[in-house]
S.K.: 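A single structure is presented below for examination.
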2 protein chains.
Amino acid sequence: MAKRAQEKQDTLFVGSLEKGLRIMAAFNAHRTELGLTELAEVVGLDKSAAQRFTNTLHKTGYLEKDPESRRFRPSLKFMELAAAYLWSDPFVQLAMPKLIDLSRDLGERVNAARLAGSDIIYVIRIPTQLTSFAAMVVGNKVQALSSSSGRIMLAHMSEEERQLALETWPIDRITPRTVTDRSQIAREVEEAGQQGYGIAVNQNIINEIGIAAPVFDRMGRVAGTVQCSVSSQKWSLDRVHNEIAPRLMEVANSINLLR
Amino acid sequence: MAKRAQEKQDTLFVGSLEKGLRIMAAFNAHRTELGLTELAEVVGLDKSAAQRFTNTLHKTGYLEKDPESRRFRPSLKFMELAAAYLWSDPFVQLAMPKLIDLSRDLGERVNAARLAGSDIIYVIRIPTQLTSFAAMVVGNKVQALSSSSGRIMLAHMSEEERQLALETWPIDRITPRTVTDRSQIAREVEEAGQQGYGIAVNQNIINEIGIAAPVFDRMGRVAGTVQCSVSSQKWSLDRVHNEIAPRLMEVANSINLLR
DNA sequence: TTGCTTGTATTATTATTTAATACTTTTTAT
DNA sequence: ATAAAAAGTATTAAATAATAATACAAGCAA
């Protein structure tokens, strides 16, 4: 309340809503089911508050509650929200049919991603090959610096933005091969800029090569990427450059975000 | 406040949160971008309230605001919530790899759906053929009575539940061929129960045949469906019954929701 | 330009949220 | 099997934080 008082005599900010949202956002890949006290800890609320908000979220249908364990889970309403997003995003609408075609042509997993803070979020996923569940989940987040999509996005930022990102955005080691050296990443980004598309090898999943081409908005900024993930067992880097990258670039360029 | 007072001296219910959620839920396929007053109308709040909640949602990153038009759109956070749901749902986790296989075998669009109220919501979509955008959107909702998935779900409900659903759940005419006669739907549901899978022809998209097989939870209730959508130009009903339905049933049966 | 609609800012009022606490049930450890 | 601890639920008095009315500013249409 010390903290809140200092920055929020803003009567246009409804703290209760924000706290409720924090509860919703507490759920993720690692926290799929949470009890009351657990939730309170994670979100940083006292038990009473957690009680009120979970109760409200439950009554409004946003959280399921297992009557046995009394633990909470996200409900299908979370999926409805995603649908609302997808309908609202012109990039998604335009990219979708082209990605389906591309996926059939290549026979490989094709995705579309957008930047959110220091992460990229997959907004379209068209799986064709079995891999980890994470690689199939719509809405999944990956640190930008370790992804092909993030790297080509960085390459198209202003010098300052890019510098800042390279210096400050998080780099957790996901696989043993994740590059954590920032100057090394800077080089990868530079290379991406030169060739026009980003590449990431073994960064998030071992034996996986990611390739990402940028789609620009009317301002000339990168709206998102068209991305493809392939197995390095099956594809050499050479073949990726020669056969996949050009197709991705072609598709990316064909997506025209006029308005 | 008359209404609120009568039912909610419940101090465990946070009205502000609920109103904020209503704002979020105002966005859908038809309402992709909303101004302040528009939002206020849709959600049933006065302008002041709409102002406070949109402001909060914007500051917390859940709504984007176009600086030009000052209209609001859902943000990528909506997608993150979806990811949280997907990770939390064992049905999704188990179904995903099997659906990918199935999709490759059949070369047709394969989905998984769950029931939410009187609608089914698609939780997995694996598009392989171009169709309407609606048929590709994860989280999209379809009235249960007009979908193959909904029909097989109904078939496995208790007599009372089914009766109630058949009598009260909404049936909007989506295509000219949408069946709006409830006794006709009752027959379709009955047939679904007998053959073990649901069928819907031209119900949501013309020239589309939907086929859905049920996946049961440990309680013997339908947890969700494995569904396939094909073009009636390409597939006869006979072939659907002989070639697709058995494969769907097989896959559905192989998904074992023990815990 | 004028009038009309939509969005923004400010404020006093009070209804609503808060957090403390006691109670109940479930789980864990002895 | 029993006791102790932890987790969830219910109740309440206090006051903070949300409310809604209103005035102001900025866009848009006629």
Side-chain angles (χ1 to χ4, degrees), chain A residues 1-24 26-27 31-60 62-73 259, chain B residues 1-24 26-27 31-60 62-75 259:
Chain A
M1 42 217 68
K3 180 168 45 170
R4 200 167 307 146
Q6 84 189 30
E7 52 187 342
K8 283 159 198 167
Q9 42 275 70
D10 184 354
T11 66
L12 291 182
F13 190 89
V14 182
S16 309
L17 174 52
E18 186 264 350
K19 287 177 212 150
L21 295 169
R22 292 219 309 265
I23 297 271
M24 291 205 272
F27 295 89
R31 304 184 183 287
T32 58
E33 215 186 39
L34 292 167
L36 189 61
T37 46
E38 212 173 346
L39 212 30
E41 277 173 17
V42 171
V43 170
L45 294 172
D46 58 42
K47 203 165 63 160
S48 284
Q51 186 186 192
R52 271 177 287 121
F53 293 114
T54 52
N55 181 257
T56 306
L57 256 5
H58 179 52
K59 292 238 170 97
T60 51
Y62 282 86
L63 290 183
E64 303 281 1
K65 186 176 189 175
D66 182 335
E68 295 287 304
S69 68
R70 293 139 194 229
R71 287 152 72 84
F72 297 95
R73 278 172 292 110
R259 48 158 287 181
Chain B
M1 41 217 65
K3 180 166 51 171
R4 199 167 307 145
Q6 87 188 28
E7 53 187 341
K8 283 160 197 166
Q9 42 275 72
D10 185 353
T11 65
L12 291 182
F13 190 88
V14 182
S16 310
L17 174 53
E18 186 263 351
K19 287 176 212 150
L21 295 170
R22 292 218 310 264
I23 297 272
M24 291 204 272
F27 296 90
R31 303 183 183 290
T32 58
E33 215 186 38
L34 293 166
L36 189 61
T37 46
E38 213 173 345
L39 212 30
E41 275 172 18
V42 171
V43 170
L45 294 173
D46 58 41
K47 201 166 65 160
S48 285
Q51 185 185 192
R52 272 178 285 123
F53 293 115
T54 51
N55 180 257
T56 307
L57 256 4
H58 179 53
K59 292 239 169 98
T60 52
Y62 281 86
L63 290 183
E64 303 282 0
K65 184 176 189 175
D66 182 334
E68 294 288 304
S69 68
R70 295 141 192 226
R71 288 153 69 84
F72 297 95
R73 279 172 292 111
S75 83
R259 50 157 287 181

S.K.: If the threshold is 4.0 Å, N to carboxylate O, is there a salt bridge linking Arg31(A) and Glu38(A)?
M.R.: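 Result for this pair is no, no salt bridge flagged.
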S.K.: For Phe53(B) and dT8(C), give me the distance from atom CZ to atom P, rounded to whole Å.
M.R.: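 That distance rounds to 17 Å.
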S.K.: Distance-only, no hydrogens or angles: does the Thr56(B) side chain make a donor-acceptor pair with backbone N or O of Val14(A) under 3.5 Å?
M.R.: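 Present.
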S.K.: Rounded to the nearest angstrom, tell me the gap between atom CG in Leu45(A) and atom C1' in dT18(C).
M.R.: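 In whole Å, dT18(C) C1' lies 12 Å from Leu45(A) CG.
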S.K.: Quick one: Leu17(B) CG to dA15(C) C1', roughly how many Å, whole number?
M.R.: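 Going from Leu17(B) (CG) to dA15(C) (C1'), I get 17 Å.
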S.K.: Drop me the distance from Leu57(A)'s CG to Phe13(B)'s CZ, to the nearest 0.5 angstrom.
M.R.: 9.5 Å
S.K.: Based on the rotation axes of five pairs at each end, what angle does the helix from dT1(C)-dA30(D) to dT30(C)-dA1(D) bend through, to 10°?
M.R.: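 The angle separating the two end axes equals 60°.
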S.K.: Just N and O in the side chain of Lys65(A): are any of them under 4.0 Å from OP1 or OP2 of dT9(D)?
M.R.: yes
S.K.: For Lys19(A) and dA19(C), give me the distance from atom NZ to atom P, rounded to whole Å.
M.R.: 6 Å
S.K.: Could you please name the option among dT18(C), dG7(C), dT8(C) that lies closest to any side-chain atom of Arg52(A)?
M.R.: dT18(C)
S.K.: Using whole Å, what does the distance between atom C1' of nucleotide dT8(C) and atom CG of Asn55(B) come to?
M.R.: 10 Å
S.K.: Tell me: CD of Glu18(B) to C1' of dT17(C), nearest whole Å?
M.R.: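 Going from CD in Glu18(B) over to C1' in dT17(C) covers 15 Å.
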S.K.: Within less than 4.0 Å of OP1 or OP2 of dG7(C), is there a side-chain N or O belonging to Thr37(B)?
M.R.: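 Yes, within the criterion.
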S.K.: Return a single string for nucleotides 21-30 of chain D, one symbol per nucleotide in 5' to 3' order, where B is base contact, S is sugar-phosphate-only contact and - is none, cutoff 4.0 angstrom on heavy atoms.
M.R.: BB---SS---
S.K.: Side-chain contact test, heavy atoms from C-beta onward, threshold under 4.5 Å: evaluate it for Lys19(A) versus Val43(A) and give yes or no.
M.R.: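 No. Closest side-chain heavy atoms not under 4.5 Å.
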S.K.: Which distance, rounded to the nearest 0.5 Å, do you find between the OG1 of Thr54(B) and the CZ of Arg71(B)?
M.R.: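 Spacing of OG1 (Thr54(B)) from CZ (Arg71(B)) equals 13.0 Å.
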S.K.: At under 4.0 Å between heavy atoms, what does Phe72(B) touch on the DNA or RNA strands: base, sugar-phosphate, or nothing?
M.R.: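 Contact class for Phe72(B): none.
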S.K.: At less than 4.0 Å, is any side-chain N or O atom of Ser16(A) found next to OP1 or OP2 of dT18(C)? Yes or no.
M.R.: yes
S.K.: Minimum heavy-atom separation for Lys65(B) and His58(B), please, with both atom names.
M.R.: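 Nearest pair, atom of Lys65(B) first, then His58(B): CB-CE1, 3.6 Å.
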S.K.: Which residues pass the salt bridge (Lys or Arg N to Asp or Glu O under 4.0 Å) test with Glu41(B), sequence neighbours left out?
M.R.: none
S.K.: To the nearest 0.5 angstrom, please state how far the OG1 atom of Thr37(B) sits from the CG atom of Asp46(B).
M.R.: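 Thr37(B) OG1 to Asp46(B) CG: 12.5 Å, rounded to 0.5 Å.
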S.K.: Mind calculating the distance between CZ (Phe13(B)) and C1' (dT11(D)) to the nearest angstrom?
M.R.: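 About 19 Å, once rounded to whole Å.
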S.K.: In whole angstrom, give the distance that lies between atom CG of Asp10(A) and atom C1' of dT16(D).
M.R.: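 Between C1' of dT16(D) and CG of Asp10(A): 15 Å.
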S.K.: What distance do Glu18(B) atom CD and Leu17(A) atom CG have between them, rounded to the nearest 0.5 Å?
M.R.: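 Rounded to the nearest 0.5 Å, the CD-CG separation comes to 11.0 Å.
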